[in-house]
Amino acid sequence: MEIRVVQGRPLDGAADLVVIGMFRDARRPLEDADRTFDGELSKLISREGFEGKLGQTLVFPTFGKLPAKKFAVIGLGEKKSFTPDAARKLGGFLVKLAMSNRATTLATSLPGAGVNGMDSRTAAQALAEGFFLSAYRFHVYHGTLRKKETPPRELKTVSIYVTANAAKSAEEGIRTAEILSTATNYARDLVNTPSSEMTPARMAEEARAMVGNGIRVKVMDANEMERRGMCAALAVARGSVHAPVGVHLSYRPAGAKRTVAIVGKAVTFDSGGLSIKPAKGMETMKIDMAGAAAVLGLFKALAELRLPVAVHGVFLAVENMPSGTAYRPGDIIRAMNGTTIEILNTDAEGRVTLADALSYAASLKPDMIVDLATLTGACVVALGEEVAGLMSTDPKLSRRLRDAADESGEPLWELPLFPSYFDHIRSKIADIKNTGNGSAGTITAALFLKQFVGDTPWAHLDIAGPSYTERETRPDQPYGGTGYGVRLLVRFLQQLRR
Ligand code: BES
Ligand code: MN
Ligand code: ZN
């Protein structure tokens, strides 16, 4: 899909579909269109009970009165609630509208510039993100059956009409949106690809493909991981025929004042291991590398954005399988930082692999560490599927992440690293054990991780809920992997230089 900026009135656009937005509480932009249709438009609006709720539409043929084939009015909701997130949703509704009208070209105005302090760059970026993210489909695996059905018409060209003084900033916003959405859609592809393909080796290949453009990649095989003492991650990997791989990406621009390490959980399939999951619980466990997918997505964007911040991306890719060689409940293993871990449940494997990934990240001496992990079902119980859990040792870091999440529209909510719950994971015969007593499961998992970051300011994002959707709660999140975290991390890094 191509999105371009055009100066002028969308009404003059020769597209399959021309769309004008209408706020619930400000109908003025429609006056022009109303005149074109000799006042019939406003009559139709009141007759149809069109109120201007966000995403509500009214579509009709232009009968030759406009260069376009069809004309639509789309509701923008109340002016005061028109935020970048509303603009992003609007982009999604417009993709759906184009599809259902079989339009391949669409012309629209740029609503939102000047509303609630939004500038035209922000408005254009949000709207364009909505377009790019909503148009995503994963059809690599559609076979002959699917191909027989009529293929849906794809929206190919979107023209966003702006005033002359907004053109340049709108262009910039759209360009940024394209970089961020491409990176997000790439992360979605990684998550959607079945575990039979998305093995640890494949994840390393994906990382290697990033080399260049200021990005360097170091890949560690099992031997090197062993030499470095990454016995916790190796233990999890032991049940699988797929060898584990360690990945360290780095982006170190000259003059960078800060260094951030981003760590992702990279379990390419989580069967639970010997503490095997019930069939239902395993159905979606190809998504258990979504944290690492966000790291890879971030690096895809970093190569293009030239941010003046140094970034390390770290993940240890493993598959968690039951077998004669698998690690067992009762085993005690020593992580890279010397902490000993008593395994009680092999399904609490994420924290075990992250023990080494975080130790490694801390050894790089970054100014801060942020990890993303599909870590606990408990987080989905607590916060649902749309919100990630945030836990941090550093209030300033957590504030920055919450601000970034507000801007990017990837919700997260902070939970306390309540210190006395550490008692739940104290082991009698090792330093710590890998499960608590079942209560506060998200927090005890985070307290486990905290053991491995040393004094480095650290934040943990439990993304078990929002990394995947089967319900499509928003138009810009189609079925499957959501790419949660990519846009949030970019905004977080952008803020760091301020
Ligand atoms: N990968 C799962 C967590 C998960 C569950 C992610 C649902 C996405 C959706 C993780 O490895 C896991 O199995 N956690 C266990 C921990 C328990 C054994 C302490 C869980 O949440 O049940
Ligand atoms: Mn598990
Ligand atoms: Zn897992």
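Read the numbers this way: they start at 1 and go in the same order the structure lists the ligands and their atoms.
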Next item on the list: Give a yes/no verdict on a cation-pi contact between R188 and Y136, requiring under 6.0 Å between NZ or CZ and the six-membered ring centre and an angle within 45° of the axis.
Entry: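 Flagged: R188 positioned over aromatic ring of Y136.
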
Margin query: Do K286 and F269 form a cation-pi contact, if we require the NZ or CZ to be under 6.0 Å from the six-membered ring centre and within 45 degrees of the ring's axis?
Written below: no

Next item on the list: Would you kindly specify which portion of K265 sits under 4.0 Å from ligand 1, judged on non-hydrogen atoms: side chain, backbone, both or neither?
Entry: side chain

Around [atom], find the nearest protein heavy atom and jot down its residue, atom name and distance.
atom                    : value
atom 2 (C) of ligand 1  : D270 OD2, 3.5 Å
atom 12 (C) of ligand 1 : D347 O, 3.3 Å
atom 9 (C) of ligand 1  : M285 CE, 3.6 Å
atom 10 (C) of ligand 1 : L375 O, 3.3 Å
atom 20 (C) of ligand 1 : G377 N, 3.9 Å
atom 18 (C) of ligand 1 : N345 ND2, 3.6 Å

May I ask you to check whether [X] has an N/O atom sitting below 3.5 Å from an N/O atom of ligand 1?
X    : value
E349 : yes
R351 : no
T435 : no

salt_bridge([X], [Y]) N-O dist < 4.0 Å:
X    : Y    : value
K89  : D476 : no
R175 : E304 : yes
R487 : E129 : yes
E349 : K265 : yes
D331 : R328 : yes
R402 : D406 : no

Atom name in [X], limited to N/O/S, at shortest distance from the Zn ion (ligand 3):
X    : answer
D288 : OD2
E349 : OE2
D270 : OD2

Check: For ligand 1, which atoms have a heavy atom of T374 less than 4.0 angstrom away?
Finding: 1 (N), 2 (C), 3 (C), 6 (C)

Notebook entry, point to check: Quick one: which ligand 1 atoms are inside 4.0 Å of a heavy atom on K277?
Noted result: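 Under 4.0 Å from K277, ligand 1 has these atoms: 12 (C), 13 (O).
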
Next item on the list: Scan the protein's non-hydrogen atoms and note whether one is under 4.0 Å from atom 14 (N) of ligand 1.
Entry: yes

Next item on the list: Could you please spell out the steps behind the side-chain contact (heavy atoms from CB on, under 4.5 Å) verdict for R216 and R252?
Entry: CA-CA 9 Å; R216 293 163 52 161; R252 317 187 74 170; over 6 Å; no

Checklist line | K450 atom NZ, neighbour heavy-atom count above 12 within 6.0 Å | finding: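 Open: at most 12 neighbouring heavy atoms sit under 6.0 Å from NZ of K450.
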
Next item on the list: Heavy atoms only: give me the nearest V486-L180 pair and the separation to one decimal.
Entry: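 Minimum heavy-atom separation between V486 and L180: CG1-O, 4.5 Å.
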
Check: Taking atom OG of S427 and atom CD1 of I341, what is their separation to the nearest 0.5 Å?
Finding: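 Between atom OG of S427 and atom CD1 of I341 there are 10.5 Å.
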
Notebook entry, point to check: So, do F452 and F448 have ring centers that fall under 6.0 Å from each other?
Noted result: yes

Item checked: Atoms named by residue and atom, protein N, O or S, within reach of the Mn ion (ligand 2) (under 2.8 Å) ->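 As for protein N, O or S atoms lying under 2.8 Å from the Mn ion (ligand 2), they are D270 OD2, D347 O, D347 OD1, E349 OE1.
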
Item checked: F492 and its side chain to side chain contact (heavy atoms under 4.5 Å, CB included) partner, picked from L298, V309, L397 ->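 Answer after filtering L298, V309, L397: L397.
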
Note to self: Closer than 2.8 Å to the Zn ion (ligand 3): does that hold for any N, O or S atom in K265?
What the structure shows: yes

